[in-house]
Amino acid sequence: MKRIVILGGYGDGLVAAEVIKDMAKAGADVVLHGFLNDHQGIGTMISEWPVLGRTADWMLLDDDIVFHFSLLSVGKMRDRSELISSFGIPRERVVSLIHPTVKLSTSCRVDPGVLITAYAVLQPGVTVGFGCSIRSGANLGHDVTLGDFAYVGPNATLCGYARVAEGAYVAPNAVVRDRTEMGRFSVLAAGSVAYKSLPEDSTWIGNPARRAV
């Protein structure tokens, strides 16, 4: 039995918790052991699971424990990537969570620490970097590349050969045209359509997407 501890809590942590429950129902040999959380008291409960300690306490847990990061904060993607990297958890102890209903091509590469929720589709040749989050109904076309810590929101579409760099944020229902690139920590707002590449640290809104920040 693979015991998983989530770094996080309410909100994104419970999304990950439900994926683990559904994985177990589908026959995966996994169980959520509890949370590490810097805001809830040790010994308190987050839904039906205990808070085992602070996030820095990961190294005090048994060596067979594996970890998943649920520390998503919209608008703070750079902070998120720096925080997760700062923990220093070995990658062999970081686990990806993939909902049983996900359509994942056998030619995809998914790095550790990834969350993929229900009914997402990843076409052949997709590469997903460390710590990415892909939400329900998202469609990643063939040969799409996600850099580490990238986020793809519910029902977003990334067309073939699109590239989303480290920490970039594709909001719900947004579309990234084929062969279009999103720079590091760039943001494509909800429902927006990117027809051209987006520079690093920029925010784009509308159809066609226009730079807002």
Side-chain angles (χ1 to χ4, degrees), residues 4-8 11-13 15-16 19-20 36 55-56 58-59 66-99 102 104-105 107-117 120-136 138-154 156-172 174-176 178-189 194 197-204:
I4 302 171
V5 169
I6 293 174
L7 280 72
D12 202 54
V15 173
V19 172
I20 294 170
L36 295 179
T55 52
W58 69 267
M59 61 187 67
V66 293
F67 301 96
H68 184 81
F69 306 108
S70 291
L71 299 165
L72 181 65
S73 183
V74 178
K76 297 182 178 180
M77 298 300 285
R78 186 184 295 274
D79 292 343
R80 175 179 183 265
S81 65
E82 292 174 353
L83 175 63
I84 292 173
S85 298
S86 73
F87 292 129
I89 300 177
R91 289 202 175 193
E92 60 268 22
R93 294 188 66 185
V94 179
V95 65
S96 287
L97 305 177
I98 301 175
H99 194 275
V102 169
L104 182 69
S105 171
S107 61
C108 293
R109 193 197 83 194
V110 178
D111 283 354
V114 171
L115 175 67
I116 311 179
T117 61
V121 177
L122 281 70
Q123 305 285 359
V126 168
T127 299
V128 182
F130 181 83
C132 289
S133 186
I134 301 170
R135 297 310 173 101
S136 297
N139 191 336
L140 278 62
H142 65 85
D143 301 293
V144 162
T145 299
L146 300 185
D148 294 351
F149 305 111
Y151 175 91
V152 180
T157 298
L158 307 182
C159 300
Y161 295 104
R163 299 179 63 86
V164 179
E166 177 190 359
Y169 187 95
V170 184
V175 178
V176 180
D178 53 291
R179 300 184 183 276
T180 299
E181 297 188 14
M182 291 183 62
R184 295 173 69 242
F185 307 109
S186 61
V187 176
L188 183 63
S197 295
L198 313 185
E200 181 175 343
D201 287 313
S202 61
T203 298
W204 295 69

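Given the structure is predicted, the values throughout are model-derived calculations rather than measurements.
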S.K.: Restricting to non-hydrogen atoms, name the atom on G183 and the atom on A168 that form the minimum distance, rounded to 0.1 Å.
M.R.: O-CB, 3.6 Å
S.K.: Hey, is K76 close enough to E82 for a salt bridge, meaning N to O under 4.0 Å?
M.R.: no
S.K.: Starting from the C-alpha separation in whole Å, work towards a yes-or-no answer on side-chain contact (heavy atoms from CB on, under 4.5 Å) for V187 and W204.
M.R.: CA-CA 6 Å; V187 176; W204 295 69; over 6 Å; no
S.K.: To the nearest 0.5 angstrom, please state how far the CH2 atom of W58 sits from the CG atom of L36.
M.R.: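 Taking CH2 in W58 and CG in L36, the distance rounds to 10.5 Å.
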S.K.: What's the spacing between S81 OG and F69 CZ if we round to 0.5 Å?
M.R.: 12.0 Å
S.K.: Minimum heavy-atom separation for A189 to A171, with atom names?
M.R.: C-CB, 3.5 Å
S.K.: Does a salt bridge link R109 with D143, judged by any charged N lying under 4.0 Å from a carboxylate O?
M.R.: no
S.K.: Please tabulate, one pair per line, all N/O donor-acceptor pairs under 3.5 Å involving side-chain atoms of residues 125-136, not counting sequence neighbours.
M.R.:
from: S133; atom 1: OG; to: R135; atom 2: NE; distance (Å): 2.7
from: S133; atom 1: OG; to: R135; atom 2: NH2; distance (Å): 3.2
from: R135; atom 1: NH1; to: D12; atom 2: OD1; distance (Å): 3.3
from: R135; atom 1: NH2; to: D12; atom 2: OD1; distance (Å): 2.2
from: S136; atom 1: OG; to: T117; atom 2: OG1; distance (Å): 3.0
from: S136; atom 1: OG; to: A118; atom 2: N; distance (Å): 3.4
from: S136; atom 1: OG; to: A118; atom 2: O; distance (Å): 3.3

S.K.: A side-chain contact here means heavy atoms from C-beta on lying under 4.5 Å apart; do F67 and F87 qualify?
M.R.: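 A side-chain contact under 4.5 Å is absent here.
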S.K.: Kindly give the heavy-atom pair with the smallest separation between M77 and Y169, and that separation in Å.
M.R.: SD-CD1, 4.0 Å
S.K.: Evaluate the side-chain contact (heavy atoms from CB on, under 4.5 Å) criterion for residues L146 and V152: first the C-alpha distance (whole Å), next the side-chain angles of each, then the deciding distance (0.1 Å), finally the verdict.
M.R.: CA-CA 9 Å; L146 300 185; V152 180; 3.9 Å; yes
S.K.: Is there side-chain contact between I98 and V114, with at least one heavy-atom pair below 4.5 Å?
M.R.: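 Not in contact.
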S.K.: Using every non-hydrogen atom in the two residues, find where I6 and A16 come nearest and quote the distance to one decimal.
M.R.: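 Scanning both residues, the minimum pair turns out to be CD1-CB, 3.8 Å.
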S.K.: With heavy-atom distances below 4.5 Å as the criterion, would you say the side chains of I116 and L97 are in contact?
M.R.: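 I116 does not reach L97 side chain to side chain.
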S.K.: Side-chain contact, heavy-atom cut-off 4.5 Å: L158 with N139?
M.R.: no
S.K.: Mind checking the CG-OG spacing from L122 to S105? Nearest 0.5 Å is all I need.
M.R.: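 Rounded to the nearest 0.5 Å, the CG-OG separation comes to 8.5 Å.
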S.K.: For a side-chain contact (heavy atoms from CB on, under 4.5 Å) check, start with the C-alpha distance between D201 and R78, then their side-chain angles and the critical distance, and finish with the verdict.
M.R.: CA-CA 9 Å; D201 287 313; R78 186 184 295 274; 2.7 Å; yes
S.K.: Cationic tip of R179 within the cone over Y161's six-membered ring, i.e. under 6.0 Å and within 45° of the normal?
M.R.: yes
S.K.: Would the distance check show the side chain of S96 and the main-chain N or O of D111 forming a donor-acceptor pair, the cut-off being under 3.5 Å?
M.R.: yes
S.K.: Can you measure from OG (S186) to CD (E200) and round to the nearest 0.5 angstrom?
M.R.: 8.5 Å
S.K.: Do you know which two heavy atoms are closest between V144 and C159, and how far apart they sit?
M.R.: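 Taking every non-hydrogen atom into account, CG2-O, 3.3 Å.
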S.K.: Just verifying a value: how many Å separate T157 OG1 and D178 CG, rounded to the nearest 0.5 Å?
M.R.: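 T157 atom OG1 to D178 atom CG measures 12.0 Å (nearest 0.5 Å).
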S.K.: Kindly indicate, with the supporting measurements, whether the criterion side-chain contact (heavy atoms from CB on, under 4.5 Å) is fulfilled by F185 and S202.
M.R.: CA-CA 7 Å; F185 307 109; S202 61; over 6 Å; no
S.K.: Shortest non-hydrogen contact from A150 to A165?
M.R.: CB-O, 3.9 Å
S.K.: Side-chain contact, heavy-atom cut-off 4.5 Å: V66 with E92?
M.R.: no
S.K.: Quick one: OG1 on T55 to CG on L71, what's the gap to the nearest 0.5 Å?
M.R.: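 Rounded to the nearest 0.5 Å, the OG1-CG separation comes out at 7.5 Å.
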S.K.: Among L188, L140, L198, which one satisfies side chain to side chain contact (heavy atoms under 4.5 Å, CB included) with V176?
M.R.: L188
S.K.: Please tell me if the side chains of L115 and H68 come closer than 4.5 Å, counting only heavy atoms from C-beta onward.
M.R.: yes
